[in-house]
Amino acid sequence: MKILVCISVVPDTTTKITFIENNTQLNLAGVQYILNPYDELAITRGLDIAEANGGNLSIVHVGPVESEPVIRKALSMGADQAIRIDALATDSQFVAEEIAKIAGEFDLILTGRESIDYNGGAVCGLLGALLEIPSINVVTRIDYADGIFTFDRDIDGGRETIRCAGKCVASAQKDLCEPRIPTMRGIMAARSKPLQIIAPQGNGNFSTYSNYELPPSKTGVKLIAAHEAGKLIDLLKNEAKII
Ligand SMILES: Cc1cc2nc3c(=O)[nH]c(=O)nc-3n(C[C@H](O)[C@H](O)[C@H](O)COP(=O)(O)OP(=O)(O)OC[C@H]3O[C@@H](n4cnc5c(N)ncnc54)[C@H](O)[C@@H]3O)c2cc1C
């Protein structure tokens, strides 16, 4: 069995986001990059399935050379090899089209439910459409037996189970598993695992970002004593105007 996990390289959640060039570009100076947390879950569950079925797990990332330390982190978790498509990825359609060109040979393709920076949540569905295979979004269980992948998804008020015989793509949601922590042996082994670099085959990104804006800064907090419920209602009604 061949499994492909797509990884996104995102700013550390503690990064202070600022913009440059009149708010048209992210200020990348000093930004610390990490493996997208949902992709860690996809790698972990993909490895469980590959190991139980004598399979092989590859990583793919669309991004520049600066992403390689994060790709090595994915390899240190246990992935067998990685492919970096050497292009600056600025939209999900471009990312999905580039990955689709190399993904045809894989039995299972996994993504995260969303990248925690741009939060598009689009790559999984786009890959399904481009490869003409089922795409199952936001899964909390992935199992494999007798040629059939089984997925659980949380839905309003319950859970649904989906079975797929044959190739499919799914996106990892929290609760899928606990992410694997790379061991020292894994970190050492990752240094010499194959990392193939290929040129993009498409014509570049489909969209450009024209402007960024930070959310308005938070206003001060008013503390109302528990015995002053009337005052709270008055403020909600006449000041915040939300009731
Ligand atoms: C100027 C600029 C530079 C950027 N440079 C990079 C970069 O170097 N690396 C980067 O990862 N993102 C980069 N991004 C962000 C990237 O463009 C988006 O993450 C990408 O377009 C996917 O969009 P999305 O938010 O819809 O992904 P989503 O659909 O929310 O992502 C879901 C899943 O798709 C997969 N995925 C997402 N992006 C990638 C990717 N690039 N390669 C492989 N799998 C992926 C992952 O499994 C992810 O969990 C950049 C954005 C801008 C504006």
Side-chain angles (χ1 to χ4, degrees), residues 3-13 15 17-21 23-29 31-46 57-75 77 79 82-103 106 108-131 135-139 142 169-174 176 179 195-202 204-213:
I3 300 177
L4 180 68
V5 180
C6 310
I7 65 161
S8 177
V9 173
V10 297
D12 187 334
T13 43
T15 304
I17 300 293
T18 56
F19 306 116
I20 51 173
E21 302 293 333
N23 288 348
T24 58
Q25 283 180 32
L26 278 177
N27 182 3
L28 301 179
V31 173
Q32 182 74 34
Y33 289 96
I34 58 167
L35 179 54
N36 191 41
Y38 294 111
D39 304 349
E40 291 187 354
L41 305 181
I43 294 170
T44 301
R45 192 63 196 129
L57 188 140
S58 300
I59 298 295
V60 64
H61 173 66
V62 183
V65 66
E66 289 77 11
S67 300
E68 288 193 4
V70 176
I71 298 174
R72 292 278 172 208
K73 154 102 194 267
L75 290 169
M77 292 173 72
I83 300 166
R84 180 172 67 80
I85 301 172
D86 189 20
L88 199 61
T90 56
D91 67 56
S92 33
Q93 179 77 24
F94 174 73
V95 167
E97 289 200 2
E98 289 302 321
I99 294 173
K101 286 179 182 121
I102 59 109
F106 293 92
L108 175 66
I109 303 163
L110 296 175
T111 72
R113 64 164 284 181
E114 64 184 359
S115 60
I116 62 156
D117 51 0
Y118 287 87
N119 310 88
V123 170
C124 174
L126 288 168
L127 278 173
L130 291 164
L131 294 164
S135 66
I136 303 101
N137 220 356
V138 193
V139 301
I142 310 173
V169 51
S171 72
Q173 162 70 312
K174 70 180 170 58
L176 178 64
L195 197 177
Q196 189 189 354
I197 296 151
I198 60 175
Q201 297 177 52
N205 289 289
F206 294 84
S207 50
T208 51
Y209 290 76
S210 54
N211 188 53
Y212 293 99
E213 205 174 291

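When a ligand or atom number is given, it counts from 1 through the structure's own listing order. Side-chain atoms are counted along with the backbone in the values below, which use heavy atoms only and exclude waters and symmetry mates.
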Per atom 2 (C) of ligand 1, closest listed option by heavy atom (T90, L26, I43):
T90
Contact summary for A103 and L4, nearest pair of heavy atoms:
CB-CD2, 3.9 Å
Where the closest heavy atom to atom 27 (O) of ligand 1 is concerned, which of A96, S115, P64 has it?
S115
Any heavy atom of Y38 closer to ligand 1 than 4.0 angstrom?
no
Does ligand 1 have any atom that is closer than 4.0 Å to a heavy atom of F206?
no
Mind checking whether I99 has a heavy atom under 4.0 Å from ligand 1?
yes
With heavy-atom distances below 4.0 Å as the criterion, list the atoms of ligand 1 near N119.
25 (O), 30 (O)
In ligand 1, the atoms that come under 4.0 Å of a heavy atom of V62 are 9 (N), 40 (C), 41 (N), 42 (N), 43 (C)
Assess the side chains of N36 and S8: does a donor N or O sit below 3.5 Å from an acceptor N or O?
no
From the options Q25, H61, E40, select the one whose nearest heavy atom is closest to atom 9 (N) of ligand 1.
H61
Candidate with minimal heavy-atom separation from atom 22 (C) of ligand 1, of S92, S67, G63:
S92
Does only the side chain of F94 get under 4.0 Å from ligand 1, or the backbone, or both, or neither? Count heavy atoms.
neither
Under 4.0 Å to a heavy atom of D39 - the qualifying atoms of ligand 1, by number:
46 (C), 47 (O), 48 (C), 49 (O)
Is the side chain of S171 donor-acceptor paired with the backbone N or O of V138 at a distance under 3.5 Å, no angle test?
yes
Out of all atoms in ligand 1, which are within 4.0 Å of some heavy atom of Y212? Include the element for each.
53 (C)
